[in-house]
**Q** 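Could you have a look at this structure, given as C-alpha cells, before my questions?
Keep in mind that the numbers below use all heavy atoms, side chains included, and drop hydrogens, waters and symmetry copies. By convention in this document, chain letters (A, B, ...) are assigned in the order of the sequence lines, proteins followed by strands, and residues within each chain are numbered from 1.
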Amino acid sequence: MPKDGITPRAHDYSQWYLDIVQQADLADYAEVVKGCIVFKPTGYAIWEAIQRGLDERIKATGHVNAYFPLLIPKSFLMKEAEHVEGFAPEVAEVTRASGEELAEPYVIRPTSETIIGYFYSKWVRSYRDLPLLINQWANVMRWEMRTRPFLRTAEFLWQEGHTVHASEEDAERETLMILHDVYADFVEKDMAVPVIKGLKSEKEKFPGALRSYCIEAMMQDGRALQAGTSHNLGQNFARAFDITYTDQNNTIQLAWTTSWGVSTRLIGALIMSHSDDEGLVVPPRLAPTQVVVVPIYKNDTERSAVLAAIQQITADWKGRLRFKIDDRDNLTPGFKFNEWELKGVPIRLEVGPKDVANRSVAIARRDQPGREGKVIAPQAGLTERLTALLDAIQQTLYDRALAFRNARTADVTTYDDLKQQVERGFARCYWAGSTEDEKRIQDETRATIRCIPLEQPQQSGRCVYTGKETTRQVIFARAY
RNA sequence: CGGGGCGUGGCGCAGUCUGGUAGCGCACAGCGUUUGGGACGCUGGGGUCGUGGGUUCAAAUCCCUCCGCCCCGACCA
C-alpha cells in the first residue's frame with residue numbers, strides 16, 4: 001500500500017520522484033533562489049556517504065585533494081573554443097563588487113578546467129612533475145533552464161579531478177582507470193546501481209575534450225542517467241593555458257590533461273534506481289542509518305524493560321553497524337514503521353515485551369516492505385545476522401536493478417524498432433551514422449546515443465539508420 | 001525561451017463564479033487515555049489571503065500591473 005502523499009510510480013514517475021525527495025526529507029526547494037535546493041540533513045548525509053566512498057578510491061589511486069577559487073576571470077573561459085561555446089549559455093557572471101563595476105568580470109565556475117589550467121601551467125616545469133594528480137570537492141553553478149532536485153540544479157556539489165600527463169597514453173590510461181576503478185566500482189558496489197561503461201559520441205562529449213567516457217545507469221522508467229564522466233582532454237587545454245614541461249631530452253613538450261567528475265546527481269540516481277511506492281530505499285553500504293530499533297511497550301514498566309533489552313542487544317554494534325534507537329515516546333510504533341520505511345532505512349528491528357520474554361526480536365527488511373519482510377529471530381547471534389542481512393540486501397538491490405536493466409534493454413535492427421524500444425528502455429544497435437543523423441534521431445524520438453559501450457561485439461552488422469556495415473554498437477535511450 | 005498550473009496559518013487545500021471582514025484537514029502546544037503496521041478525546045496558539053494600484057460603503061473574491069514558484073518541452077552532469 002503506497003504511503004499517503006506519494007504518487008505511485010506507475011501513475012506519474014516524475015511526480016513520484018519529487019514526492020520521495022520531499023517526503024523522505026532529502027531536500028527542500030530553495031524557493032528564494034531559483035533552481036537551487038537545500039540539502040536537508042538526510043539528503044546531505046547520503047552525499048557525505050557518497051563522498052566517503054569516492055574520496056577513498058580517489059586517494060587510493062594516487063590523487064590528492066586541493067581547492068581552487070569559485071570565481072574565474074571571464075577571459076579564461078574564452079580560451080578554449082569548444083569550451084566557451086559549450087558553457088557560455090549557462091554561466092553566471094559577477095560584474096560588480098563593493099559598489100563598483102569590476103575591471104574584468106568573473107564567472108562563477110561551471111567547471112574548473114580553465115582556472116586549474118592556469119595554475120597547472122605555473123606548476124608544471126619538468127617531466128618529473130608529472131603526472132600531476134589533483135582532485136577538488138566543490139560547488140559549481142550552471143544556469144539551467146529547467147531544474148529537478150539533485151538531477152539538475154543551478155548549483156550542485158561534485159568532485160572534479162584534474163590531471164596532467166606526459167603522454168597521450170598516460171592520459172588515456174588515467175581517464176579509463178578513473179572510469180573503471182573509481183566510478184564504476186563505487187556506483188556498482190556501494191550504490192548497487194549497475195552501469196554501462198562507454199565512450200560518448202562526438203555530439204555528447206564534453207566541450208573541449210578529445211574523448212569523453214561515461215557510466216550510464218538505467219532508471220526505473222527506462223530512461224538513462226549519466227552517472228559519471230571521465231574526459232581525456234588531449235592537448236586542448238594544455239594548448240590554451242600553456243601547460244608545458246621539459247622532457248628527458250631537454251625539449252619542451254605540450255602536456256596532456258584529463259578531467260573527471262561525479263555530482264550530487266548520484267543521489268537522484270540512487271533514488272530512481274531502488275526506491276518504491278513506499279518511499280526511499282537506500283542501499284546498506286551507503287545508508288547513514290543501517291538499522292533502526294523501534295521499542296514497543298504499553299506502560300512505563302514495559303518501557304524500561306524493553307529499553308534495557310535494547311541496550312543489551314545493541315551493546316556490541318558500535319563500529320559495526322550504523323544504527324539508531326527510536327525511543328520517541330509521543331509516536332506509535334506503527335507510525336515509526338512507516339516513517340522509517342519512507343526514509344529508506346535498510347533494516348528495522350522491533351523489540352517489545354514478547355521479545356524480552358522470548359529473547360527474540362522482529363526484523364523487517366526494507367527491500368521487502370510491509371509485514372511480508374518481517375521475521376522473528378533470536379537475540380543470540382543477532383549482530384552477525386544483521387551484518388549478513390545488510391550484505392544480502394545490498395546484493396538484492398543490485399541484482400534487482402541489473403535484472404530490470406536487462407529486461408528493458410533490447411537489440412534493435414530497424415529504425416522502427418529503435419523508436420519503440422526507446423519508449424521503454426535501452427536500444428542497443430549497430431551504428432555508422434553521423435552527428436547529423438544522431439540529431440535527426442533525437443528530434444524524432446527524443447533519444448540520444450548514451451554511449452558506445454566499451455564492450456563491443458566481435459561480429460559486424462548493419463547500422464540501424466544508414467544500413468552501412470559496421471562493427472560498432474551503441475546504446476540509444478532517452479536521458480535525464 | 002515556448003506551453004500549462006499555482007500563490008490563502010508550518011504543510012495540503014476550500015472559499016473567488018454570485019463582494020459583507022477567513023475556514024477545513026494535517027502538523028504544533030497542554031492534559032488524559034493509548035502504543036507489535038500511520039491512536040483517540042478535550043482544550044489552545046497561529047493567517048499583512050504573493051506585490052502594487054484601481055473600483056466599491058465594503059475586496060481573498062471584481063479590474064489592471066508586477067513578482068515568484070512548480071510542472072511539461074527545447075539545452076545540459
**Q** Got a sec: does the CZ of A/R359 have more than 12 other heavy atoms crowding it under 6.0 Å?
**A** no

**Q** Can you name the residues that form a side-chain contact (heavy atoms from CB on, under 4.5 Å) with A/S273, not counting sequence neighbours?
**A** A/V193, A/M219

**Q** Side chain of A/R371: nearest nucleotide among B/U35, B/G36, B/G37?
**A** B/G37

**Q** Are OP1 or OP2 of B/A39 and a side-chain N or O of A/T332 less than 4.0 angstrom apart?
**A** yes

**Q** Can you list every side chain to side chain donor-acceptor pair (under 3.5 Å) pair that touches residues 279-299 of chain A, not counting sequence neighbours?
**A** A/D190-A/R285, A/Y297-A/R303, A/Y297-A/D329

**Q** Among the candidates B/G36, B/A74, B/G37, find the nucleotide nearest to the side-chain atoms of A/A364.
**A** B/G37

**Q** By the 4.0 Å heavy-atom rule, please label A/Q226 as base, sugar-phosphate, or nothing.
**A** sugar-phosphate

**Q** What's the closest nucleotide to the A/Q442 side chain, out of B/C75, B/A74, B/G38?
**A** B/C75

**Q** Does A/R348 make a side-chain donor-acceptor contact with the base of B/G37, cut-off 3.5 Å?
**A** yes

**Q** If B/C6 has a Watson-Crick or G-U wobble mate with both distances under 3.5 Å, name it; if not, just say none.
**A** B/G68

**Q** Set out, line by line, the N/O atom pairs under 3.5 Å between protein and nucleotides 2-4 of chain B.
**A**
none

**Q** Please list, chain by chain and in numerical order, all residues satisfying side-chain contact (heavy atoms from CB on, under 4.5 Å) with A/V84, sequence neighbours excluded.
**A** A/M78

**Q** So does A/K374 reach the base of B/G37 with its side chain, donor to acceptor, closer than 3.5 Å?
**A** yes

**Q** Taking only the side-chain heavy atoms of A/F335 (C-beta and beyond), determine which of B/C71, B/G36, B/A39 contains the nearest atom.
**A** B/A39

**Q** Using side-chain contact (heavy atoms from CB on, under 4.5 Å) as the criterion, list what pairs up with A/Q442, not counting sequence neighbours.
**A** A/K203, A/T448

**Q** Between A/D276 and A/R366, does any NZ, NE, NH1 or NH2 come within less than 4.0 Å of an OD or OE carboxylate oxygen?
**A** yes

**Q** A/E144 side chain: which of B/G36, B/G37, B/C75 is closest?
**A** B/C75

**Q** Return the value, rounded to whole Å, for the distance between atom CD of A/Q15 and atom P of B/C71.
**A** 8 Å

**Q** Choosing from B/G36, B/C71, B/G38, which nucleotide comes nearest the side chain of A/P333?
**A** B/G36

**Q** Answer with yes or no whether A/E341 presents, from its side chain, a donor or acceptor under 3.5 Å of a partner atom in the base of B/G37.
**A** yes

**Q** Please name all residues satisfying side-chain contact (heavy atoms from CB on, under 4.5 Å) with A/L402, sequence neighbours left out, ordered by chain then number.
**A** A/P194, A/Y398, A/R405, A/N406

